[in-house]
Protein chains: 2
Amino acid sequence: MLSKKTKYGIKALAYIARKKDRKPVQASEISESENISQKFLESIMLELRKSGFLGSKKGKGGGYYLIKEPGEIRMTAVIRVLEGPIAMVPCVSLNYYEKCDDCPDEKTCSVHKLMIQVRDASLDVLGENTLEDIAFTQ
Amino acid sequence: MLSKKTKYGIKALAYIARKKDRKPVQASEISESENISQKFLESIMLELRKSGFLGSKKGKGGGYYLIKEPGEIRMTAVIRVLEGPIAMVPCVSLNYYEKCDDCPDEKTCSVHKLMIQVRDASLDVLGENTLEDIAFTQ
DNA sequence: TATAATCCTATCGGTTTACTAGGTTTTAAG
DNA sequence: CTTAAAACCTAGTAAACCGATAGGATTATA
């Protein structure tokens, strides 16, 4: 299950991407428009800034803005930062690999190969969709 | 992330499927062979029985056995029972649908369409794999 | 009758989630 | 220079969930 954090983060990025001008967008505006708790959203925006998706400007008239073009932001990257691994099991994760305690050998594990297939299917979808693709969906 | 419950459940089903005869398999045997806490596994086996995947026989020489052929058990069904929804967001779940609090309209939600794609990709994989497919993977 | 198995209920410590509170700092506008 | 508006930061917290564990009750076999 996708956490609310990730969901809100994606919505916020999409909201910013939808604006034509590149003027900073305030968290308060996004929180109102997208029905997200403002304080919670603030912490998410901060994380998106620290991980290089957003820039920010402080003070009056400040806000957040995209650093890259929406078309260059793959959803895999966004989800990995906000949610963590895309794989359903750590032992098939490309970016967050962890060995299972119980499995003596991954090659003979019945769950392993199945989850690799699921992972690859998800990666295909999330890797082909960019922020631009999802921002202008309607 | 797949819960351990689901992971253990799949492993247990695969273990039983691998046996040629249809004699009941004890939870204790599975728990030893697959390195799963016995008490925890017991509760999982019970759930698998109540949901119609397994039959059971009590008392000495008892255990659990498959009710259907492994080739007839789709992994979608197993995961839905043990884990719940396959979708990453309730609002795109086929079997566990729930409306989002924040979304006024799913059709204009940027997350929605993306998650439908992910869901469908996962469903493809999990629907095409049966217990037989994953039990005899090596 | 002893033993081995499932079945059942309850509990529990730890972690995560989704916030909330309460500020500090920076900047622009008046 | 003052005020307001914005990001930034730290901490805490209630609730839910997870992965077990405990302790037995029930049932069947030998």
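No experiment lies behind these values; they were computed from the predicted model shown. When reading the values below, keep in mind they use all heavy atoms of this one structure, side chains included, and skip hydrogens, waters and symmetry mates. Convention: sequence-line order gives letters A, B, ...; per-chain numbering from 1.
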Chemist: Could you tell me if B:S93 and B:E98 have a donor-acceptor pair between their side chains, going purely by distance under 3.5 Å?
Modeler: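 Their side chains do not contain a donor-acceptor pair, so the 3.5 Å distance test is not met.
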Chemist: Using the closest heavy atom to pick a nucleotide of DNA chain C for each, name whichever of B:S56 or A:K5 lands nearer the 5' end.
Modeler: B:S56
Chemist: Whether the side chain of A:S33 engages the backbone of A:E29 through a donor-acceptor N/O pair (distance < 3.5 Å, no angle test) should be reported.
Modeler: no
Chemist: Working note: B:K7 + A:D102, criterion salt bridge (charged side-chain N to carboxylate O under 4.0 Å, His left out); need CA distance, chi angles, decisive distance, verdict.
Modeler: CA-CA 10 Å; B:K7 190 179 154 201; A:D102 50 315; 3.0 Å; yes
Chemist: Starting from P on D:dA7, measure out to CD1 on A:I44 and report it in whole angstrom.
Modeler: 14 Å
Chemist: Going by heavy atoms in the side chains, are B:M88 and A:T6 under 4.5 Å from each other?
Modeler: no
Chemist: Calculate the interatomic distance between A:K50 atom NZ and D:dC8 atom C1'; express it in whole Å.
Modeler: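 Interatomic distance, NZ of A:K50 to C1' of D:dC8: 8 Å.
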Chemist: In whole angstroms, how far is the P atom of D:dA6 from the NZ atom of A:K23?
Modeler: 14 Å
Chemist: Taking only side-chain nitrogens and oxygens of A:Y64, does any of them come within less than 4.0 Å of OP1 or OP2 of D:dC8?
Modeler: yes
Chemist: When the distance from CD1 of B:I36 to C1' of D:dT21 is rounded to whole Å, what number comes out?
Modeler: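 Interatomic distance, CD1 of B:I36 to C1' of D:dT21: 16 Å.
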Chemist: By ring-ring contact (aromatic ring centres under 6.0 Å, His included), which residues pair with A:F40, not counting sequence neighbours?
Modeler: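 Partners of A:F40 under the ring-ring contact (aromatic ring centres under 6.0 Å, His included) test: A:Y8.
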Chemist: Base, backbone or nothing for each nucleotide of nucleotides 23-30 of chain C, written B, S, -, heavy atoms under 4.0 angstrom, 5' to 3'?
Modeler: B--BBB--
Chemist: When the distance from CD of B:Q26 to P of C:dT6 is rounded to whole Å, what number comes out?
Modeler: 6 Å
Chemist: How close or far is atom P of C:dA18 from atom CG of B:D101, stated in whole angstroms?
Modeler: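 Atom CG in B:D101 sits about 11 Å away from atom P in C:dA18.
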Chemist: Between A:S37 and C:dT20, does any side-chain N or O lie under 4.0 Å from OP1 or OP2?
Modeler: yes
Chemist: To the nearest 0.5 angstrom, please state how far the CE atom of B:M75 sits from the CD1 atom of B:I134.
Modeler: 4.0 Å
Chemist: Under 4.0 Å between a side-chain N/O of A:R49 and OP1 or OP2 of D:dA7, yes or no?
Modeler: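 False: A:R49 side-chain N/O out of range (4.0 Å or more) of D:dA7 OP1/OP2.
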Chemist: Write down the protein N/O and nucleotide N/O pairs, taken from nucleotides 12-17 of chain C, whose separation is under 3.5 Å; answer none if there are no such pairs.
Modeler:
none

Chemist: Rounded to whole Å, how long is the line connecting atom CD of A:Q38 with atom P of D:dA6?
Modeler: 9 Å
Chemist: Output the rounded distance in Å from CG (A:L46) to P (D:dA7).
Modeler: 10 Å
Chemist: For the residue pair A:E128 and B:Q117, establish whether any side-chain heavy-atom pair is separated by less than 4.5 Å.
Modeler: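 A:E128 vs B:Q117: side chains apart.
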Chemist: Indicate the atoms forming the closest heavy-atom contact of B:Y65 with B:K57, along with that distance.
Modeler: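 Here B:Y65 and B:K57 meet closest at CE2-N, 4.2 Å.
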Chemist: Of all the choices, C:dA18, D:dA20, D:dC9, which nucleotide is nearest to the side chain of B:F40 once you look at every atom?
Modeler: D:dA20
Chemist: Whether the side chain of A:R119 engages the backbone of A:V92 through a donor-acceptor N/O pair (distance < 3.5 Å, no angle test) should be reported.
Modeler: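 Confirmed, A:R119 side chain pairs with A:V92 backbone.
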